[in-house]
Protein chains: 2
Amino acid sequence: MSQLTLPDMICFALYSANHAMQRVYQPLLAPLGLTYPQFLVLMALWEEDGRRVTDLGRALGLESNTLTPLLKRMEAQGLVARARDEQDERQVRVTLSEKGAGLKAEAGHISRCIFDACGLEVERLTALRDQITALRDRLAG
Amino acid sequence: MSQLTLPDMICFALYSANHAMQRVYQPLLAPLGLTYPQFLVLMALWEEDGRRVTDLGRALGLESNTLTPLLKRMEAQGLVARARDEQDERQVRVTLSEKGAGLKAEAGHISRCIFDACGLEVERLTALRDQITALRDRLAG
DNA sequence: TCTGATTAAATCGCGCGCGATTAAAAAGCA
DNA sequence: TGCTTTTTAATCGCGCGCGATTTAATCAGA
């Protein structure tokens with residue numbers, strides 16, 4: 001069998017599609033002063049506020065060595081607050097500020113732009129998402 | 001309609017699947033002293049050696065601000081050589097060293113490990129790859 | 001109660017990825 | 001020929017992402 005080339009590889013498809021996605025998000029998030037990972041953190045907090053760093057890490061698939069500096073930058077921008085848990089001082093709870101919570105209003109518009117850029121009907125996009133998620137879980141498992 | 005959560009979003013599926021993929025590659029590449037993007041560059045050069053930085057950028061979807069430092073690191077490791085083109089001194093040709101070319105022998109084993117980790121039959125994996133690639137092209141287009 | 005193990009964040013260093021800019025070579029054109 | 005425009009890499013700064021380690025709090029067990 002002849003050697004695989006870049007376009008043949010599922011890994012490169014994921015790699016390049018992920019970059020393409022982030023490039024679509026960038027001009028939508030820049031006016032809000034957000035990076036793409038910061039937007040994902042906001043998503044997680046809009047769903048459930050006051051999570052611990054570990055919880056955010058589990059939701060996003062990231063470790064504290066990535067999240068701590070990222071959350072500090074978000075705190076510096078007044079998007080979230082970070083505070084040690086009263087019961088367990090090892091843990092840090094991350095809470096949305098008014099500004100951070102307010103940005104949720106923009107999320108709908110952004111999601112619609114992304115959906116349009118995907119150029120697929122909802123059913124096909126959902127099916128594709130589920131296949132990619134299932135692949136991720138097998139890779140991580 | 002209620003707000004989308006992280007697992008609902010195709011963007012997060014791509015983001016997390018891409019990370020999961022790189023985490024599978026990492027222990028396979030580390031013994032060769034390669035990072036994942038460096039492996040992709042080698043893939044591109046195994047397919048066609050002596051490409052210009054621009055050509056590699058087009059193949060990988062990257063700019064010179066990413067590639068130049070990456071290629072310098074690969075040159076420092078003796079994987080490739082970088083040389084200005086004789087005809088057009090603006091361009092830099094990247095050529096595989098013997099060491100860089102030799103690593104191709106390991107690629108088959110790595111690809112097989114990745115395929116196994118995906119846990120899908122070839123037909124399904126190919127179909128998924130094509131859908132992801134098509135999505136990427138719509139996002140980039 | 002004290003001591004060692006475990007857990008949660010934080011810290012450090014390094015390699016991407018990219019927006020913005022710069023430097024230099026080549027191409028286009030009066 | 002000279003001058004401008006375009007093309008190609010390189011440079012710079014910053015934000016991730018992560019392997020490795022550290023610090024501090026909590027837990028478990030004698």
Side-chain angles (χ1 to χ4, degrees), chain A residues 12 14-27 29-41 51-58 60-77 79-80 82-94 140, chain B residues 12 14-27 29-41 51-58 60-77 79-80 82-94 140:
Chain A
F12 180 68
L14 285 172
Y15 173 86
S16 53
N18 178 51
H19 286 163
M21 180 64 80
Q22 297 202 31
R23 286 174 196 135
V24 176
Y25 266 101
Q26 200 277 335
L29 295 177
L32 310 180
L34 291 175
T35 66
Y36 180 68
Q38 288 170 9
F39 176 73
L40 295 181
V41 167
R51 297 201 197 197
R52 300 169 301 164
V53 173
T54 304
D55 298 328
L56 288 171
R58 192 146 27 231
L60 298 173
L62 297 173
E63 308 280 335
S64 67
N65 52 6
T66 298
L67 281 172
T68 297
L70 188 157
L71 292 169
K72 282 188 174 179
R73 284 186 287 270
M74 293 181 74
E75 186 178 41
Q77 295 193 26
L79 295 166
V80 299
R82 294 159 60 253
R84 292 277 167 187
D85 187 293
E86 292 279 318
Q87 269 65 45
D88 187 341
E89 293 264 333
R90 289 173 301 183
Q91 302 176 170
V92 167
R93 301 258 167 209
V94 184
Chain B
F12 180 68
L14 285 172
Y15 172 86
S16 53
N18 179 51
H19 286 163
M21 180 64 81
Q22 295 202 32
R23 287 174 195 135
V24 176
Y25 265 101
Q26 200 278 336
L29 295 177
L32 310 179
L34 290 176
T35 66
Y36 180 67
Q38 288 170 9
F39 176 72
L40 295 181
V41 166
R51 297 201 197 196
R52 300 169 301 164
V53 173
T54 304
D55 298 328
L56 288 172
R58 191 146 27 231
L60 298 174
L62 297 172
E63 307 280 335
S64 68
N65 51 6
T66 298
L67 281 172
T68 297
L70 189 158
L71 292 169
K72 281 186 173 180
R73 283 186 287 269
M74 293 182 74
E75 185 178 42
Q77 295 192 27
L79 295 167
V80 300
R82 295 158 61 250
R84 291 278 167 186
D85 188 292
E86 292 279 318
Q87 270 65 47
D88 187 340
E89 292 265 332
R90 289 172 302 183
Q91 302 175 170
V92 166
R93 300 260 167 205
V94 183

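Reminder, nothing fancy here: chain letters follow the sequence lines and each chain counts from 1. Please read these numbers as outputs of a predicted model, since none were measured by experiment. All values below come from the heavy atoms of this structure, side chains included, with hydrogens, waters and symmetry mates left out.
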Within the sub-3.5 Å range, which N or O atoms of nucleotides 24-29 of chain C have a protein N or O partner, and how far apart are they?
unit_1: dA26(C); atom_1: OP1; unit_2: Gln87(B); atom_2: O; d: 3.4
unit_1: dA26(C); atom_1: OP1; unit_2: Glu89(B); atom_2: N; d: 3.0
unit_1: dA26(C); atom_1: O4'; unit_2: Arg90(B); atom_2: NE; d: 3.4

Return the polar atom pairs (N/O with N/O) between nucleotides 3-5 of chain C and the protein under 3.5 Å, or none.
none

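Between the side chain of Thr68(B) and the backbone N or O of Ser64(B), at least one donor-acceptor pair lies under 3.5 Å. Judged by distance alone, with hydrogens and angles left aside, the side-chain atoms of Arg93(B) form no donor-acceptor pair with the main-chain N or O of Arg84(B) at under 3.5 Å. With Arg52(A) contributing its side chain and Val92(A) its backbone, the two residues share no donor-acceptor pair below 3.5 Å. Counting only distance, with no hydrogens or angles, the side chain of Gln26(B) and the backbone of Arg23(B) share no donor-acceptor pair below 3.5 Å. Of the possible donor and acceptor atoms, one in the side chain of Ser16(B) sits under 3.5 Å from a partner among the backbone N and O of Phe12(B).
The residue Glu63(B) sits apart from the nucleic acid: no heavy atom pair falls under 4.0 Å. Heavy atoms of Arg93(B) sit nowhere under 4.0 angstrom from any nucleic acid atom. Within the nucleic acid shown, Leu67(A) has no heavy atom closer than 4.0 Å to any nucleic acid atom.
A perpendicular orientation is assigned to the rings of Tyr15(B) and Tyr36(A), their planes being inclined by more than 60° (bins at 30° and 60°).
Residues passing the side chain to side chain donor-acceptor pair (under 3.5 Å) test with Asn65(A), sequence neighbours excluded: none. Residues meeting the side-chain contact (heavy atoms from CB on, under 4.5 Å) test with Glu75(B), sequence neighbours left out: Val80(B), Arg82(B).
Map Gly61(A) and Thr54(B) each onto its nearest nucleotide of DNA chain D; the residue landing nearer the 5' end is Thr54(B). Looking at which nucleotide of DNA chain C each of Ser64(A) and Arg23(A) is closest to, the 5′-most match is held by Ser64(A). Both His19(A) and Val53(A) sit near DNA chain C, but only Val53(A) has its closest nucleotide nearer the 5' end.
For DNA chain D, the outermost nucleotides in 5' to 3' order that have an atom under 4.0 Å from a heavy atom of chain B are dT7(D) to dC18(D).
The distance from atom CG of Leu70(A) to atom P of dT11(C) is 14 Å, rounded to the nearest whole Å. Atom-to-atom, CG of Leu71(A) to P of dA10(C) comes out at 8 Å; the value is rounded to the nearest Å.
Within a 6.0 Å sphere centred on CD of Gln77(A), heavy atoms belonging to other residues, nucleotides or ligands number more than 12.
With a 4.5 Å cut-off on side-chain heavy atoms, Asn18(A) and Gln22(A) count as touching. In this structure the side chain of Leu70(A) never reaches within 4.5 angstrom of the side chain of Thr35(A), judged on heavy atoms.
Minimum heavy-atom separation, Val94(A) to Leu56(A): CG2-CD1, 3.9 Å.
Listed in residue order, the members of residues 29-39 of chain B having a heavy atom less than 4.0 Å from DNA chain D come to none.
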List the steps and the verdict of side-chain contact (heavy atoms from CB on, under 4.5 Å) for Leu79(A) and Val41(A). CA-CA 10 Å; Leu79(A) 295 166; Val41(A) 167; over 6 Å; no
